[in-house]
Each structure stands twice: as C-alpha cells, then as structure tokens.
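Each residue takes its place number in the sequence, starting with 1. Bear in mind the structure is a predicted one, so any value in this text is a computation, not a measurement.
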Amino acid sequence: MIQIKNLEKSFGSLKVLRGIDFQASDGEIIVILGPSGMGKSTFLKCINYLERPDKGCITIDGIEVHAECCTEKQICALRSKTSMVFQNYNLFKNKTVLENVLLPMTVVQKLTREEAKQKAFKYLKQVGLMDKVEEYPSRLSGGQQQRVGIARAMAVNPKIMLLDEPTSSLDPELVLGILDLLKQLANEHQRSMIIVTHELNFAKEIADRIVFMDEGRILEEGTAKEIFENPKHLRTKKFLDNLKV
C-alpha cells in the first residue's frame with residue numbers, strides 16, 4: 001500500500017528527516033509518537049509532498065515518486081491517493097461548511113457539483129454537521145471545524161488519511177469527541193490512517209502499530225502493548241516515563 005525508502009529532508013542546515021524507511025498495509029492504523037520538534041509533522045507532509053523531500057522514494061498504491069527526479073504530474077498522482085487533516089483545521093474562511101467539503105472533489109477530482117454534493121452530505125451527516133452546512137467557519141467551534149476537516153478528508157476517498165495532531169488545537173472537553181469520531185471512522189471504513197498525536201490513551205486504543213520517532217529517525221515500532229509495556233529503546237522508555245504512561 002505505502003512504502004517509503006531513505007526519506008530525507010532538511011531546512012537549511014537543519015536536518016529534520018534522516019533516512020526514514022517505512023511501510024504500511026491496507027487498512028492499517030499507525031500512530032506516530034515522539035518528542036515535539038523531531039520531524040513527525042514534516043514526515044507526514046513529505047508523504048504527500050506538501051513538503052518536498054530532498055531524497056528518497058515514496059510509493060502509494062502503485063504510484064512511485066523519487067524525490068530527486070519527480071515531475072509535477074507524478075506528485076499530483078501521489079497526492080490523489082492521500083488526504084490530510086491539519087491541527088489548525090485549514091478551512092477556507094470565506095466558504096461555507098458545504099463549500100469547504102466540495103472543493104477538493106470539484107476542483108481536484110473534477111466531479112460534478114451534484115456528485116460532490118451527495119458525497120459531502122454523506123460525510124457531513126456522519127460527523128454530525130448536517131445542521132451546519134450553510135455556516136461559515138467563524139461561526140463554528142474548534143471541534144466543529146475539525147469535524148469539517150475530517151469530512152473533507154474522507155469525502156475524497158483517499159487510500160491513506162494523514163492526520164497531524166488533529167486534537168492539539170482543541171479545548172480539552174472537545175478532544176474526546178474528535179477521538180471517538182476517528183475511532184468510529186477507522187472501524188467503519190477500514191481506511192489506512194497515519195496519525196501524529198500526543199494523546200497516548202487514544203494511541204493505545206486505535207493503533208495497529210505505533211512508531212516512535214526522535215531526531216528525524218524511527219527508533220522503534222511495534223504494537224501498542226509492545227511499545228507501552230516493553231519498549232526496547234532507551235529513548236522510547238524515557239519518553240514514556242516522562243509522560244507517566
């Protein structure tokens with residue numbers, strides 16, 4: 001489904017990703033844990049070329065892109081296999097809830113407005129926002145805005161959903177609702193998800209596999225039970241001990 005080989009990314013002299021190898025299967029839910037500022041979000045953004053990696057090869061559902069020699073056509077094909085949910089929602093403020101969900105389908109996927117509407121309503125109903133379709137983001141709570149982002153990501157029918165700390169911008173009382181929604185979507189749709197989060201209890205419940213990153217490298221990976229109960233790498237153990245898991 002997805003295979004990544006020797007992925008590297010730097011910003012000036014700062015090396016953020018240091019030769020990452022990674023793979024995920026169809027329907028697999030992977031949670032990425034690790035200290036802040038160690039490359040987790042950059043890794044997600046490199047998967048669909050929101051950040052262009054300096055080196056490495058990414059293959060998703062048969063689409064293979066080499067960082068050193070890729071074309072815009074190849075990048076667009078790779079992006080068509082993914083969707084992303086951002087920690088700060090990334091909604092268009094001048095467009096309604098419905099229009100925010102429609103845009104990727106009508107502009108990128110070239111669906112007719114009527115086809116896109118049917119899909120948009122399906123997912124807006126699933127995230128509990130059918131009564132908000134004509135509202136603008138400024139009139140929504142943070143949790144509601146994030147639900148719009150999730151509906152938008154689901155509606156394009158991606159092979160892989162990338163979620164970058166989807167609850168970090170929310171008030172604590174809104175976090176549980178978003179986490180419950182993601183668990184529901186994961187169970188119902190059997191869609192692959194790669195989730196960067198600091199919500200450790202959520203990671204325990206939803207993850208088929210947990211990846212621990214530090215200083216731009218994957219140091220350890222395994223099931224939730226393996227990582228939380230018997231981490232093999234000293235850095236993983238220290239990270240979890242500091243969080244009193």
Side-chain angles (χ1 to χ4, degrees), residues 26-27 29 31 41 44-45 47-50 60-61 76-199 202 205-206:
D26 287 343
I29 311 299
V31 171
S41 293
L44 278 197
K45 291 174 183 175
I47 290 175
N48 67 354
Y49 273 67
L50 287 179
I60 301 176
D61 196 36
C76 287
L78 189 78
R79 284 179 180 158
S80 73
K81 301 293 183 179
T82 71
S83 63
M84 192 151 183
V85 177
F86 300 87
Q87 58 182 303
N88 58 352
Y89 323 133
N90 273 37
L91 302 181
F92 293 100
K93 304 300 183 186
N94 63 334
K95 296 188 180 299
T96 65
V97 166
L98 178 59
E99 290 167 337
N100 266 282
V101 179
L102 289 177
L103 264 180
M105 292 185 282
T106 56
V107 174
V108 179
Q109 295 185 321
K110 307 301 183 184
L111 297 184
T112 67
R113 187 172 176 85
E114 199 53 44
E115 288 174 322
K117 258 189 173 181
Q118 290 178 16
K119 294 184 72 175
F121 286 146
K122 173 184 175 181
Y123 289 107
L124 285 169
K125 181 178 181 180
Q126 192 159 10
V127 301
L129 288 176
M130 281 300 290
D131 60 333
K132 303 290 185 183
V133 293
E134 297 302 326
E135 297 284 5
Y136 288 88
S138 61
R139 295 178 60 85
L140 302 179
S141 70
Q144 289 169 334
Q145 290 187 62
Q146 193 59 289
R147 285 171 181 268
V148 176
I150 292 168
R152 180 176 60 186
M154 294 289 293
V156 298
N157 195 32
K159 290 291 183 180
I160 298 172
M161 285 183 67
L162 308 170
L163 299 103
D164 186 13
E165 300 196 29
T167 60
S168 68
S169 296
L170 301 178
D171 293 333
E173 64 267 23
L174 300 175
V175 168
L176 188 59
I178 294 298
L179 297 183
D180 285 344
L181 173 62
L182 291 175
K183 283 190 287 185
Q184 174 193 334
L185 293 175
N187 291 333
E188 289 182 5
H189 294 274
Q190 290 298 298
R191 184 165 287 143
S192 298
M193 294 183 181
I194 303 175
I195 308 170
V196 170
T197 185
H198 287 99
E199 298 289 340
F202 171 65
E205 291 180 28
I206 199 173

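Rounded to the nearest 0.5 Å, atoms CG (Leu124) and CG (Leu129) are 6.0 Å apart. One distance of note links CD of Gln144 with CG of Leu174; it measures 8.5 Å at 0.5 Å rounding. Rounding to the nearest 0.5 Å places CD of Glu199 at 9.0 Å from CG of Leu170. Atom CG of Leu44 sits about 9.5 Å away from atom CG of Leu50, to the nearest 0.5 Å. A distance of 5.0 Å separates CD of Glu165 from CD of Gln87, quoted to the nearest 0.5 Å. How far CG of Leu102 is from CD of Gln109: 11.5 Å, rounded to the nearest 0.5 Å.
Between Pro166 and Ile195, the closest heavy-atom pair is CD-CG2, 4.3 Å. Across all non-hydrogen atoms, the minimal contact from Phe92 to Pro137 is O-CG, 3.5 Å. When all heavy atoms of Gly142 and Tyr89 are compared, the pair lying nearest together is CA-OH, 3.4 Å. Annotation for Arg152 and Val101: closest pair CA-CG1, 4.0 Å, computed over non-hydrogen atoms. Among all heavy-atom pairs drawn from Lys183 and Phe202, the shortest one is CG-CE1, 3.8 Å. Nearest heavy-atom pair across Lys95 and Asn100 is O-ND2, 3.1 Å.
A donor-acceptor pair under 3.5 Å is absent between the side-chain atoms of Asn48 and the main chain of Ser83, judged by distance alone. Using modelled atom types, one side-chain atom of Gln146 and one backbone atom of Phe86 make a donor-acceptor pair closer than 3.5 Å. Arg191 places a side-chain N or O within 3.5 Å of a backbone atom of Pro158 that can act as its donor or acceptor partner. In terms of modelled atom types and a separation under 3.5 Å, the side chain of Thr106 and the main chain of Arg113 share no donor-acceptor contact. In this structure, Arg147 contributes its side chain and Gly128 its backbone to no donor-acceptor pair below 3.5 Å.
For the side chain to side chain contact (heavy atoms under 4.5 Å, CB included) with Leu182, the qualifying choice from Thr167, Ile150, Thr197 is Ile150, the only one to do so. Of the residues listed (Ile29, Thr82, Val85), the one engaging Met161 in a side chain to side chain contact (heavy atoms under 4.5 Å, CB included) is Val85, and it is the only one.
Listed by first then second residue, pairs satisfying salt bridge (charged side-chain N to carboxylate O under 4.0 Å, His left out) with a partner in residues 114-136 read Glu135-Arg139, not counting sequence neighbours.
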Original post:
Would Leu185 and Gln126 count as a side chain to side chain contact (heavy atoms under 4.5 Å, CB included) if you check the C-alpha gap in whole Å, the side-chain angles of each, and the deciding distance to 0.1 Å?
Top reply: CA-CA 9 Å; Leu185 293 175; Gln126 192 159 10; 3.6 Å; yes

